[in-house]
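Numbers here are sequence positions counted from 1. Numbering of ligands and ligand atoms starts at 1, following listing order.
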Amino acid sequence: MRKKVTVVGAGNVGASVALRLADKELADVVIIDILEGIPQGKALDTLQAGPVMRSDSQVTGTNDYKDTANSDLVVITAGFPRKPGMTRDDLLKKNYDVIKPTTEQVVKHSPNCILIIVTNPLDAMCQAALRMSGFPKHRVIGMAGILDSARFRTFIAQELKVSVENVQAFVMGGHGDTMVPLVRFSQVAGIPLTELLDAATIERIVQRTRDGGAEIVKYLKAGSAFYAPSAAVMEMVEAILKDKKKILPCAAYLEGEYGIQGLYVGVPVKLGENGIEQIIEVKLTADEQKALQKSAGAVKELVDVIKI
Ligand code: APR
């Protein structure tokens, strides 16, 4: 039997996630939203791509959480995206009010699922979902690092005019302005990035990565990115459902790792059928550790505001 994945939120990110999962025939997909008709319409449209995409995934849309029952995995994208001039942090209170009831409903109907959170501000929303769900920490995971790393990889590949497939890069920290793109762990076909690009070029790419989401918001005006975010979610879902034991940067609840206590922060983790199966700790330089602590501090400020 195919696995069941629920996507909460039938907006830009949610609908794109559903499409990517169905295209790859990774699971049967249920899309749920508070808006009537939108999840039903988008689900039917996605389903009708099946014959062409050679996918038998069943895709349904609903406004009733009963239809999400016994999902193996639930992706929460419900909430407001940012508009030009807003930071992800500006969404804090509005999206906390969305995450609370949605997590409650999800957990009631799928008590054994793995939760992937996408709603921003990402790290704080993960923390809210962890508290609301009462789930163990390995079953509440945030999508951010894969997206931020993909942006970093894209810009490196563009600069060097090489295949994106050659580029490995890592971004740690919170999903915000203080994220930490790690140049030392970035390589092109195994060659350290620092051998191929000068420091000023690397710094320019790092800054563009940090501003990657805002650059798109500025163009779109009415919302934020969704194609690359949905691709990142798809990679996480695939790693979990296929038990790939893949090492990917994700937001994870840290309890002492990297010297951070009781906070969601982006770190390399191993994803498999149980969710986060291991947090990979690498030794950071003093500067990298300082940048990570600063980023964790920014997450803590948000978490303190909503007292979770
Ligand atoms: N329950 C279910 N769905 C909800 C709820 C709720 N309580 N509240 C809002 N939604 C739905 C909206 O009806 C809308 O269809 O969430 C959807 C959000 O879609 P968009 O406005 O298109 O936003 P999107 O671009 O998908 O971003 C969603 O993901 O990347 C993050 O920052 C982004 O927080 C934002 C989230």
Side-chain angles (χ1 to χ4, degrees), residues 6-21 30-43 45-46 61-68 71 74-110 115-129 132 141-148 150-151 174-177 179 211-234 236 250-251 264 266 302 306:
T6 287
V7 181
V8 185
N12 281 333
V13 178
S16 306
V17 167
L19 180 66
R20 288 195 191 277
L21 300 184
V30 178
I31 313 174
I32 185 163
D33 201 291
I34 40 169
L35 299 177
E36 283 177 23
I38 302 294
Q40 290 85 350
K42 290 189 180 180
D45 195 10
T46 305
T62 184
N63 307 110
D64 186 344
Y65 276 92
K66 279 199 203 99
D67 299 323
T68 71
S71 294
V74 177
V75 182
I76 300 187
T77 76
F80 298 91
R82 43 183 179 150
K83 303 237 166 80
M86 288 174 87
T87 68
R88 293 183 184 89
D89 300 355
D90 293 331
L91 300 168
L92 181 68
K93 285 188 180 145
K94 271 168 99 173
N95 281 350
Y96 180 47
D97 288 340
V98 173
I99 281 287
K100 262 195 307 191
T102 48
T103 305
E104 210 170 64
Q105 285 297 319
V106 163
V107 166
K108 192 170 148 201
H109 293 90
S110 300
L115 275 174
I116 295 179
I117 309 299
V118 185
T119 305
N120 276 311
L122 192 270
D123 307 275
M125 294 302 103
C126 289
Q127 193 121 343
M132 287 307 302
I141 318 164
M143 187 293 292
I146 301 172
L147 169 63
D148 296 328
R151 287 178 172 151
H175 187 48
D177 301 337
M179 71 177 76
D211 297 337
E215 188 177 354
I216 292 170
V217 172
K218 218 166 133 192
Y219 282 121
L220 296 182
K221 297 195 174 62
S224 51
F226 46 100
Y227 292 128
S230 61
V233 172
M234 190 272 291
M236 292 171 73
C250 296
Y264 267 87
L302 297 187
I306 47 175

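Ranking protein heavy atoms by distance to atom 21 (O) of ligand 1, first place goes to Pro81 CD, 3.5 Å. The protein heavy atom nearest to atom 19 (O) of ligand 1 is Gly11 CA, 3.2 Å. In terms of protein heavy-atom proximity, atom 22 (O) of ligand 1 is closest to Asn12 N, 2.9 Å. With respect to atom 4 (C) of ligand 1, the closest heavy atom belonging to the protein is Ala78 CB, 3.5 Å. For atom 2 (C) of ligand 1, the nearest non-hydrogen atom of the protein is Ile34 N, 3.6 Å. Scanning all protein heavy atoms for the shortest distance to atom 18 (C) of ligand 1 gives Gly79 O, 3.2 Å.
The heavy-atom pair separating Ala251 from Cys126 by the smallest distance is CB-SG, 4.2 Å. Shortest non-hydrogen contact noted between Met143 and Ala232 is SD-CB, 3.5 Å. Contact between Ala228 and Leu147 at its shortest, heavy atoms only, is CB-CD1, 3.6 Å. In plain terms, the two heavy atoms of Asp89 and Pro121 that are nearest each other are OD1-CB, 4.0 Å.
For ligand 1, the atoms sitting less than 4.0 Å from at least one non-hydrogen atom of Thr102 are 1 (N), 6 (C), 7 (N), numbered in the order shown with element in parentheses. Every atom of ligand 1 is numbered from 1 in the order shown, and the set under 4.0 Å from a heavy atom of Val118 is 29 (O), 30 (O), 31 (C). Residue-ligand proximity, Thr119 to ligand 1, at heavy-atom distances under 4.0 Å covers atoms 34 (O). Residue-ligand proximity, Asn95 to ligand 1, at heavy-atom distances under 4.0 Å covers atoms 34 (O).
By the neighbour-count criterion of 12 heavy atoms within 6.0 Å, atom CD of Glu36 is sparsely surrounded, having that number or fewer from other residues, nucleotides or ligands.
Using a distance-only test at 3.5 Å, with no hydrogens or angles considered, a donor-acceptor pair links the side chain of Arg20 to the main chain of Tyr227. Checking side-chain atoms of Asn12 against main-chain N and O of Ala225 turns up no donor-acceptor pair under 3.5 Å.
For ligand 1, one of its N or O atoms has an N or O atom of Phe80 under 3.5 Å away. For the pair Asn120 and ligand 1, the shortest N or O to N or O distance falls below 3.5 Å. The shortest N or O to N or O distance between Tyr65 and ligand 1 is not below 3.5 Å.
For atom 15 (O) of ligand 1, the nearest non-hydrogen atom from the set Asp33, Val8, Ile38, Leu220 comes from Asp33. Within the set Thr77, Val13, Val98, the minimum heavy-atom distance to atom 28 (C) of ligand 1 is found for Thr77.
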List the steps and the verdict of side-chain contact (heavy atoms from CB on, under 4.5 Å) for Met236 and Ile141.
CA-CA 9 Å; Met236 292 171 73; Ile141 318 164; 3.6 Å; yes
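With 3.5 Å as the limit, one finds no donor-acceptor pair spanning the side chains of Thr68 and Thr6.
Partner Thr77 forms a side-chain contact (heavy atoms from CB on, under 4.5 Å) with one of Ile117, Val118, Thr102, Asp33 and no other, that one being Val118.
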